[in-house]
Amino acid sequence: MCVQPYRSSAKLKMGDDILEERTLEVLNIPTSIDDDLLSLYFENKRSGGGPLTSVDRQGGKATIVFEDANDAARVFSKSSHILSGATLKVQRKAPSDPQRFLLRGLDPHTSTELVELYVENVIGLETDEYKLFPSPGKNLVVIQFLQPISEDFQSVCAKVSKRPLDGAKLCLERLERADSILVENLHPSTSEEMLSLYFESNRGGGEEVTNVEMVAEGIARVSFKDFESVDKVVTKTHIVDNTALNVKPYFTALLPENIPLSGPCVNGTSNSVPMEIDPTPVTIEPPRHPVSPGAQATPLVVAHAQFTQQTIPASLARRSPTTSEPPSPSQAQGVGPGSKAAAPIAATSPAAAAGTKPKQAPSLSAGLVSSSIAVSDPVKLSLLEKSCRLQELQTAHFSSKLSITKDGVTISAPDQLGVDKLKSSVLEFLGGIAQSPLPLEPHKAEFLAREDVKARLLQTLKDQGLLSTYTVTDGAVSVTSLSLSMANGSCQLIKSQISEFSIPVQRDYECNLYCQEWSTFLQALSFCSARVTDGGAKITVINLTGMEDETQTKIIQFLSTPIQRETVISMEPGRLKYLQIHCEQLLADMDQVTLFPLETGDGLTISGNAGECQMAEEVLRAVVESICTKTITVRQPGVARFLVEQEGSSILAELQAKFQVYVSMDKVHWEPLEEEDIFESGWKIMAQENFLRIGDALASSFTPTALVADHGMERSRIEEAKQLLSVIDVNSSDKRTSLTSQHMTSEEDIYTASGGAALDGTDASAMQTEASPQASPLTGSEPSPLVPEDAGLGLATQQSLEAMDASSLDEDARMSLAIQYSMESSAKRSAPEEDEEDELQKVLELSLRDFSAAAAFSPASEQSQLKQAMELSLQDAIRAANVAEIFVFATYTHDLIRTDIALGKKVGLRQCEEKVESRNLKNLTAHHQRCLDLIRRKHAVDIRVEGTTAIISGFKDFVAEAVPTVRDLAKRMCNVTSDAEILKTVQWVWHEQGAVAAATPYPPKATVYLENAWKMRQRKIDILLDHQPHVIDLEKMQEINVASGKSMAIARQLLNSADLTVVVPEEEFSLLSSLPDVAQVDESSDEFQDVVKEFYESIQEFHSKIKIIKVEKLMNALLYNQYKLKKASMQQTSTDPQVERTLFHGTSETSVKEICVHGFNRSFCGKNATVYGQGVYFAVNSALSVSDTYSPPNADGHKFIFMAKVLTGDYTVGKHEMKTAPLKESSAIPLRYDSVADKVTSPTLFVIFNDTQAYPEYLVTCQKIYRGHYYLETLKTIDRC
């Protein structure tokens, strides 16, 4: 069987190039696999495929066409396909050759010169624009165009079929592209390997050779990887072994007769299907339809029409006729190039030669010859399908088969002559189809293009016996029929079916013609098209004849029915204010509708007639969208106060009127401070600080720097703890939850962890840290390692941690807990009753002492939080006064820029600076620092103290107010002694009632506080001791507990150097040396290597420019527990499986401690940028965070980057104006996204708006290095890791 180029039957019309991408060939298909199983496999995910549009199977080979080219690509890319134990071979189908065609039907006696003249005249080519490759039988010629022809292939085929040559009717057919060449005139010594090397060399063309096969003596077939290689090689001259080679494309039609065909294909691709051959010989009967005597016997037809009785394997005889193998030269002898008919040749088998009767095989019918006619015009193809012509031809030629595909007609007949006759009949029918233009106005042509109208008109044409159709392209209507007269008649009938009339519209109803309801109404009208003409005075209607009255009635009824509508236009409050101020006349002119601003101030409601509402809505939306906005951030001391007061407000009003803008002050905050004495207010803040009576001494045993020199008290408590431990049942300790055994891991149960469960470490020894010569910005100097053998110290550590866990309870609850625990522990012992009471008393005393010590570590203390809140509130107020973020709205962008420049100039001109000099400023105490903060807050100025000079800067009026206050403060500091000097010369002590022991000194901070109050001649002061309010009576020298009323005597003692019992702390040398929950990661640990690896994996171009100084781990229990609670909540609602990510956040040195203590705070957003929202930004790659924009180096060149765990959850693209994540569009309930990013696919930035969604896990301190130091630093890093 001769297989013609495959034509897809896909439902969608696509170009040949798209069809080729969707088409694959499947080889090696066993007979046990039926078509259904094959189709299901390639539509299944196992193969990587998808829906199929067609499957054309011929024996062991099938051509499959997918609906989607991506499915075909996935199937082709899969390494192997195994179905029912058989390995299938999948390959791309050879595409059609755009430059080579087969001219069939030539008389073998026609000269080559005559064929050349025929090709030049019919196709219109020059002598140097083509090449001819005649077949050995001279009845076929392959035409190779040196350039693709511009004329349509179908029209060229029509010309050829109408012009016979030398009495023979010719046919032009497409060829599939060849990936092989036929090389003739080879020297006998030329080998396959030599040919392969030659054609891969530059002399031979330099193309990749996939196979070389010697098909006969002096003839070889060379296959290439690409189809384009054949075009390049055949145009060159080739000489091998001093022999000129004859090279031409490999087509079976061009093969010499003595070369057996490798398969049933006419192209040069290798499509043979290997099969197992049954050695049992069978006999094939002569073909049922012998070749006509007038037909030429060609190598293409020999395989199908010239079979005689011959012996072939039985397994081959059982195959489909489409897979029949061509006869060998010995079996087809007598068929020469000049033969006019195929003479039967009796070939005897070896069995017959021996006189035995051969085994009979089933009869094998001769295959059909197939061909196709490409019909590029779908209209003609549709008419052919609707007509009865194909049925008539099928009836007249019962042994043939005609079928219509998506892009043409497929014809199958017993012989080539039958195919040619049917093709001629079909082409004659297609050639008679005529088209006639139908001139119509554009709006009528648009009406005919409607699907419902076209279906009705085509049915009308069919009812009138007119087999016609029409198309509308770019406003032009074309009618296609079987004949020209039928086309003209169809045009007249279509014109008569179109009716056009007008309906006048009253002025009161004109507004209804522009509302959305009018468009919806028109879409609901069947077979009707209406448009407003004459400026709304009338409606021009087009519909089908006979429907005019019904359509007119519906339109008039719609226009006369009033329609009310209420619409809401949402907008920013600033845009609404801009409309109200600068578009007042526009709003006043919309008197046909009612306008109301929303109570929330973020939009307008429009109510009234539907048409008028729609017009008003469109106008207002256009105006709102045209409003430009700009955020102007002014950073000057006291700018917020200046803008809200009279002078600043008048400047803003002037700018609004001059530049036609509106300035929103929603984010500018300033509240005046109440008139109070600065000194008194400073003391109130100082009075909120808590002083630990003995807590400092206990805390010193766990901090790097000792504040108390004498540790005798601590050692006695440790010994006492050891004695209690020896008598308390060990089992009781198992019932308690050890905080040190809990780790801050993502797997920890957040619902059962206690308050201190986030502290890291498995035991007390886990707190050990190796000494390092480098101070940490998180931990300061390295802590002294705990000695594992010191059980007393380990017990004290454990008790302190347990007391920290209990600090979240109130005082009575802690007392009850200590008593209950002591009683439970004592109840299990067998000691006498009096011993139990004595030990119970000791346990109670020790628990109370531990509670006092734990207060030093408790960040949850109410008084501590109150003091911290007051300080933060004061600092926030100072910062807010120095920054003004205003939003400006205008119609034109240049007005925004002009407003920004003008405001900056006016603010800058009012800035000034004054200096106050005083020697007293050298001895600033904590109280005086609070006083300066209050001056900054009260007068909205900036104050810097440099030695003995205070520099006051800000607005002129504000600076003038602040200067006298600063001078007064300096005068009142005349007798001030520094804190260090106080601790060296004075000590305040207290005496317990009835105590024989020596006086107990107050802690250093309390001593400084008492001494300053005594020098200021305060009579009574309030103070917090051990988180309990006390009153110090400096006249009676008494300390009074407010809660219990208990009083103790106090005394002020002057010290000499021998009596000094405290060590004055030196100035901090690290930003976060006071934080107890930060530790440096050991460089030799796996944890350090993991952090460094993740940091460098995304550092990109900075890989050779950054070195890591150290890595520090944060263990903030409060932040981590909040983070875990948020994570558990998000895991229940998020649709993204990746809820948590490890991201990077670069920051400045001044912000490191703030983030470590309080976490990431979105209120500081905008420092670098707010392009995607006003939240906290995190980078996916560390390369972004190490840039100087986000992590500016400090004076030592150190940069600080946090490696944080961030809950991104569901995210979308962020926008600048977002203050929180937007609502999800597809959610039935109002749910917001968890975060936003710069893009949805592969984001590089994330922004969160909830501070608990991020936890600062590691702080990486790094430094830029230069090229000269790169290799040295690399070696150091490798050595560390």
Side-chain angles (χ1 to χ4, degrees), residues 679-680 682-684 686-700 706-717 845 848-849 851-853 855-856 863 923 925-928 972-1065:
F679 251 60
E680 293 295 333
W683 273 111
K684 289 181 180 179
M686 292 293 296
Q688 302 299 326
E689 183 173 357
N690 177 61
F691 302 103
L692 302 178
R693 194 184 300 276
I694 59 173
D696 289 356
L698 180 61
S700 64
L707 297 179
V708 181
D710 187 9
H711 297 283
M713 183 184 299
E714 289 303 311
R715 303 308 302 175
S716 63
R717 293 187 63 232
E845 292 176 359
L848 290 174
R849 294 179 191 174
F851 159 67
S852 299
Q863 296 296 337
N923 299 323
T925 64
H927 171 228
H928 299 136
R972 300 171 71 172
M973 293 168 53
C974 59
N975 296 323
V976 171
T977 306
S978 65
D979 295 351
E981 190 66 25
I982 291 175
L983 294 176
K984 291 179 181 179
T985 58
V986 179
Q987 185 177 60
W988 285 79
V989 298
W990 52 276
H991 302 269
E992 291 187 2
Q993 291 183 353
V996 183
T1000 305
Y1002 282 95
K1005 291 183 179 180
T1007 297
V1008 172
Y1009 179 69
L1010 293 174
E1011 180 65 16
N1012 286 328
W1014 182 80
K1015 285 186 176 182
M1016 295 173 63
R1017 299 183 179 182
Q1018 297 281 337
R1019 295 183 178 181
K1020 291 184 179 180
I1021 59 172
D1022 296 327
I1023 188 172
L1024 283 174
L1025 294 173
D1026 296 338
H1027 299 279
Q1028 295 183 8
H1030 291 72
V1031 175
I1032 302 295
D1033 191 333
L1034 295 177
E1035 291 182 342
K1036 298 181 179 180
M1037 299 299 283
Q1038 285 184 341
E1039 172 196 307
I1040 304 170
N1041 189 318
V1042 176
S1044 63
K1046 179 182 177 182
S1047 63
M1048 293 187 297
I1050 63 174
R1052 177 177 180 268
Q1053 299 177 354
L1054 295 178
L1055 302 176
N1056 53 37
S1057 58
D1059 298 329
L1060 189 60
T1061 60
V1062 296
V1063 178
V1064 180

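We use all heavy atoms of the structure for the numbers below, so side chains are in, but hydrogens, waters and symmetry mates are not.
Between atom CG of residue Asp1022 and atom CD1 of residue Ile1040 there is a gap of 10.5 Å, rounded to the nearest 0.5 Å. A distance of 13.0 Å separates CE of Met1037 from CE of Met1048, quoted to the nearest 0.5 Å. Interatomic distance, Ile1032 CD1 to Leu1010 CG, rounded to the nearest 0.5 Å: 5.5 Å. Residue Ser1047 holds its OG atom at 10.5 Å from NE2 of His1030, rounded to the nearest 0.5 Å. One distance of note links CZ of Arg1019 with CG of Leu1034; it measures 11.5 Å at 0.5 Å rounding. A distance of 6.0 Å separates NZ of Lys1036 from NZ of Lys1020, quoted to the nearest 0.5 Å.
Scored by the side-chain contact (heavy atoms from CB on, under 4.5 Å) test, Ala1006 finds Phe691, Tyr1002, Pro1003 as partners (sequence neighbours excluded). Residues satisfying the side-chain contact (heavy atoms from CB on, under 4.5 Å) test with Val989, not counting sequence neighbours, are Gln987, His991, Ala999, Pro1001, Ala1051, Gln1053.
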| Going through the checks in order, is the side chain to side chain contact (heavy atoms under 4.5 Å, CB included) test met by Leu692 and Asp1026? | CA-CA 5 Å; Leu692 302 178; Asp1026 296 338; 3.9 Å; yes
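Residues Gln1018 and Ile1021 share a closest heavy-atom pair of CB-CG2, 3.8 Å. The two residues Ile982 and Asn1012 come nearest to each other via the heavy atoms CD1-OD1, 3.6 Å.
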